[in-house]
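The structure appears right after this line, and notes come after that.
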Amino acid sequence: MLDIARLRLTMELRGSGVTDARALGAIEKTPREAFVPEHLHDQAYENVALPIDCGQTISQPLVVALMTQALDVGERMTVLEIGTGSGYQAAVLAHLCRRVYTIERHAELHRVAIRRFAALRLNTIVARCGNGAKGWPEAAPFDRIIVTCAAPVVPDTLVDQLRDDGVLVLPVGAVDRTQELVRIRRTGTSTTTERLGGVRFVPLVPSEGKP
Ligand code: SAH
């Protein structure tokens with residue numbers, strides 16, 4: 001039943017303009033029901049964002065697919081994610097690259113996510129609880145960085161932690177409005193920015209999480 005639902009979702013994503021076969025394949029391999037609260041299991045494969053603990057959300061599958069596609073992740077790459085949340089986006093990325101580093105400010109979400117990664121044997125994901133606005137300096141530079149919460153401006157710290165020719169995908173803008181999904185490519189000390197369209201995310205909170 002769930003396999004069919006997962007297949008139907010990837011077909012819907014394809015119909016909505018997601019063309020990257022690797023991104024679609026990773027979504028097809030990732031059991032989204034393992035990342036949503038139990039009482040919402042019947043909606044796990046609907047193309048909608050769903051609430052998770054701590055007042056946060058697991059992103060809409062179409063947004064996960066578009067961000068994954070925009071990130072253009074290669075098999076040997078190292079990726080940093082800011083905003084682990086449920087862990088779903090990190091799990092999708094884990095099928096596409098060598099290692100995923102992911103940071104969450106809420107200790108409770110972090111705890112639940114690492115349990116899920118272990119249960120699904122996603123042992124190329126390294127998770128930490130802390131302030132993602134600072135990036136992960138000890139593991140930098142990264143080939144790719146994805147931010148799954150909205151920042152009012154592009155954080156320089158994250159651009160600094162990109163490898164040369166690295167790519168950062170993030171929603172930029174105020175929280176009470178539609179934000180813009182932006183892709184930044186770093187070339188030496190300069191960057192190029194592309195706008196990829198409107199999205200809506202919870203905010204990147206510029207401080208440490210609550211215990
Ligand atoms: N990628 C997630 C979506 C998470 S929603 C998923 O697939 O489910 C965004 C997450 O970013 C929230 O869990 C929120 O707590 C977290 N967040 C917000 N500001 C943060 C910060 N400064 N550092 C780390 N995580 C942050």
Side-chain angles (χ1 to χ4, degrees), residues 9 13 23 26-27 29-37 40-41 43-71 73 79-97 100-117 120 122 125-137 139-140 142 144-158 161 168-175 179 181 199-211:
L9 174 64
L13 298 176
I27 286 176
K29 282 186 206 143
T30 308
R32 192 169 183 254
E33 81 274 7
F35 295 88
V36 304
L40 296 172
H41 273 185
Q43 294 178 57
Y45 294 102
E46 286 176 24
N47 190 14
V48 290
L50 294 170
I52 57 173
D53 283 348
C54 307
Q56 306 301 316
T57 52
I58 174 172
S59 309
Q60 184 193 358
L62 179 60
V63 173
V64 173
L66 291 172
M67 288 181 83
T68 304
Q69 173 169 282
L71 209 57
V73 183
V79 180
L80 171 66
E81 180 196 28
I82 311 301
T84 314
S86 68
Y88 179 68
Q89 173 77 72
V92 169
L93 290 169
H95 292 293
L96 297 172
C97 65
V100 180
Y101 291 86
T102 182
I103 312 179
E104 170 56 53
R105 66 185 288 277
H106 282 290
E108 176 57 21
L109 292 177
H110 163 76
R111 246 195 317 270
V112 175
I114 56 174
R115 227 182 286 140
R116 288 172 176 151
F117 299 148
L120 293 169
L122 295 170
I125 303 177
V126 188
R128 148 189 294 187
C129 184
N131 181 7
K134 295 178 183 164
W136 194 316
F142 300 98
R144 299 289 185 261
I145 301 179
I146 178 170
V147 185
T148 61
C149 36
V153 292
V154 178
D156 284 340
T157 325
L158 297 184
Q161 290 182 20
L168 165 63
V169 171
L170 81 167
V172 179
V175 165
Q179 305 127 8
L181 194 62
V199 283
R200 238 194 145 120
F201 275 86
V202 297
L204 181 134
V205 179
S207 64
E208 303 297 332
K210 293 171 221 112

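Fair warning: this is a prediction, and the values are worked out from it, not measured in the lab. In each ligand, atom 1 is the first atom listed, and ligand 1 is the first ligand listed.
- Side-chain contact check for S86 and Q56: no donor-acceptor pair (N or O, by modelled atom type) lies under 3.5 Å.
- The closest approach between any non-hydrogen atom of T84 and ligand 1 is below 4.0 Å.
- Residue S86 has at least one heavy-atom neighbour below 4.0 Å for each of these atoms of ligand 1: 6 (C), 7 (O), 8 (O).
- Annotation: G83 places an N or O atom under 3.5 Å from an N or O atom of ligand 1; distance criterion only.
- Counting the atoms of ligand 1 from 1 in the order shown, those under 4.0 Å from a heavy atom of G130 are 23 (N), 24 (C).
- Residue T57 touches ligand 1 through its backbone alone, judged by heavy-atom distances below 4.0 Å.
- Two residues are said to be in side-chain contact when any heavy atoms from C-beta on lie closer than 4.5 Å; T84 and L109 fail this criterion.
- Within the 4.0 Å heavy-atom shell around ligand 1 one finds P203.
- Every atom of ligand 1 is numbered from 1 in the order shown, and the set under 4.0 Å from a heavy atom of L109 is 13 (O).
- Side-chain contact between L120 and P31: present, with at least one pair of heavy atoms (C-beta onward) separated by less than 4.5 Å.
- Taking every heavy atom of Q89 and a limit of under 4.0 angstrom, the matching atoms of ligand 1 come to 1 (N), 7 (O).
- Interface atoms of ligand 1 facing V205, defined by a heavy-atom separation under 4.0 Å, are 18 (C), 19 (N), 20 (C), 21 (C), 22 (N).
- For ligand 1, the atoms closer than 4.0 angstrom to any heavy atom of I103 are 24 (C), 25 (N).
- Set against the non-hydrogen atoms of L204, the atoms of ligand 1 under 4.0 Å away are 18 (C), 19 (N), 22 (N).
- Of all the atoms in ligand 1, the ones that sit under 4.0 Å from a non-hydrogen atom of I58 are 8 (O).
- Heavy atoms of A90 come nearer than 4.0 angstrom to ligand 1 in no pair at all.
- Counting heavy atoms from C-beta on, the side chains of M67 and V92 never come closer than 4.5 Å.
- In this structure the side chain of L93 never reaches within 4.5 angstrom of the side chain of I125, judged on heavy atoms.
- For R115, there are no salt bridge (Lys or Arg N to Asp or Glu O under 4.0 Å) partners two or more places apart in sequence or in a different chain.
- Side-chain contact between R128 and Y101: absent, with no pair of heavy atoms (C-beta onward) separated by less than 4.5 Å.
- Remark: side-chain polar atoms of T68 are not paired, donor with acceptor, to backbone N or O of A23 under 3.5 angstrom.
- Of the possible polar contacts, none joining the R144 side chain to the V79 backbone as a donor-acceptor pair under 3.5 Å is found.
- Closest heavy-atom approach to atom 13 (O) of ligand 1 among the candidates H106, R32, E81, E104: E104.
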